[in-house]
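One structure is given here, and the rest of the page talks about it.
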Amino acid sequence: MSDTTLVTSDLIDLYDAVFTHGGFTVRFNADGTLTPAALGFAVSATDEQWFVPADVPFADFASTIERLHALYPTANAVGGWADGQQLYLDPVEIIDDRAKAEFLGRLRNQIAIYDLSASEEIRL
């Protein structure tokens, strides 16, 4: 479980990114900051689906991100995207090796992983 408090301004940027860019994937840093993840493969750290209503107030969005960070200590990142009336949030591990990422994705019953370098979904 992580004791790091995430930086509020970074959480605000994530909240905005969902609505202006359709989603985000960011890495958790030891100092509580978040940085965009641009390389590797994003694989969900869980087979559980996390979502909130698309019109969720910022405070609820931020507390959900904090909770995911605390509940999934192996996740070194978080991803989020809007789909219809839902905002999906996913604790993820960024994996450098595609074969390993695909293996973990299948192990966790994922439909797909995400190639951050190519900005595309890889169906499993």
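Keep in mind the model is a prediction, meaning the values are calculated, not measured. Computed over heavy atoms, backbone and side chain alike; hydrogens, waters and symmetry mates excluded.
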**Request:** Examine distances only and state if a side-chain atom of N109 and a backbone atom of D47 form a donor-acceptor pair shorter than 3.5 Å.
**Result:** no
**Fill in**
The ring-ring contact (aromatic ring centres under 6.0 Å, His included) partners of F24 (sequence neighbours excluded) come to none
**Prompt:** How close do A82 and L87 get, heavy atom to heavy atom, and via which atoms?
**Reply:** N-CD1, 4.1 Å
**Complete:** Contacts of T35 meeting side-chain contact (heavy atoms from CB on, under 4.5 Å) (sequence neighbours excluded), chain-then-number -> R27, N29
Can I get a per-line list of side-chain donor-acceptor pairs under 3.5 Å for residues 72-81, giving both atom names and the distance, sequence neighbours left out?
{"unit_1": "Y72", "atom_1": "OH", "unit_2": "E48", "atom_2": "OE1", "d": "3.4"}
{"unit_1": "Y72", "atom_1": "OH", "unit_2": "W50", "atom_2": "NE1", "d": "3.3"}
{"unit_1": "N76", "atom_1": "OD1", "unit_2": "I94", "atom_2": "N", "d": "2.8"}

**Between CG on residue D16 and NE2 on residue H21, distance to nearest 0.5 Å** = 8.5 Å
**Request:** Sorted by first residue and then second, give each salt bridge (Lys or Arg N to Asp or Glu O under 4.0 Å) pair with at least one member in residues 87-98; sequence neighbours left out.
**Result:** E93-R108, R98-E102
**Request:** Return the set of residues passing side-chain contact (heavy atoms from CB on, under 4.5 Å) with E120 (not counting sequence neighbours), or none when no residue passes.
**Result:** D115, A118
**Message:** Can you list everything that forms a side-chain contact (heavy atoms from CB on, under 4.5 Å) with D60? Sequence neighbours excluded, please.
**Reply:** V56, P57
**Message:** Quick check against the 3.5 Å criterion: does Q110 have a side-chain atom that pairs as donor or acceptor with the backbone of T46?
**Reply:** yes
**Prompt:** Using 30° and 60° as the class limits, which term best fits the ring planes of F58 and F61: parallel, tilted or perpendicular?
**Reply:** tilted
**Request:** Using side-chain contact (heavy atoms from CB on, under 4.5 Å) as the criterion, list what pairs up with A112, not counting sequence neighbours.
**Result:** E121, R123
**Message:** Under 4.5 Å between side-chain heavy atoms, counting indirect links through other Ile/Leu/Val/Met/Phe/Trp/Tyr residues: same cluster for F51 and L11 or not?
**Reply:** no
**Asked** Hydrophobic clusters join Ile, Leu, Val, Met, Phe, Trp and Tyr when side-chain heavy atoms are under 4.5 Å apart, directly or via other members; which others share one with L107?
**Response** F41, V43, I95, F103, L104, I113, I122, L124
**Asked** Are I65 and V26 in one and the same hydrophobic cluster, where Ile, Leu, Val, Met, Phe, Trp and Tyr link if side-chain heavy atoms are under 4.5 Å apart?
**Response** yes
**Prompt:** To the nearest 0.5 Å, how far apart are CG in L89 and CD in Q49?
**Reply:** 9.0 Å
**Complete:** What one should report as the nearest heavy-atom pair of T33 and D10 is CA-OD2, 3.2 Å
**Request:** Give a yes or no on whether I12 and V7 share a hydrophobic cluster (residues Ile, Leu, Val, Met, Phe, Trp, Tyr; joining criterion: side-chain heavy atoms under 4.5 Å apart).
**Result:** no
**Request:** Establish whether Y15 and L68 are linked, either directly or via other cluster members, by ILVMFWY side-chain heavy-atom contacts under 4.5 Å.
**Result:** yes
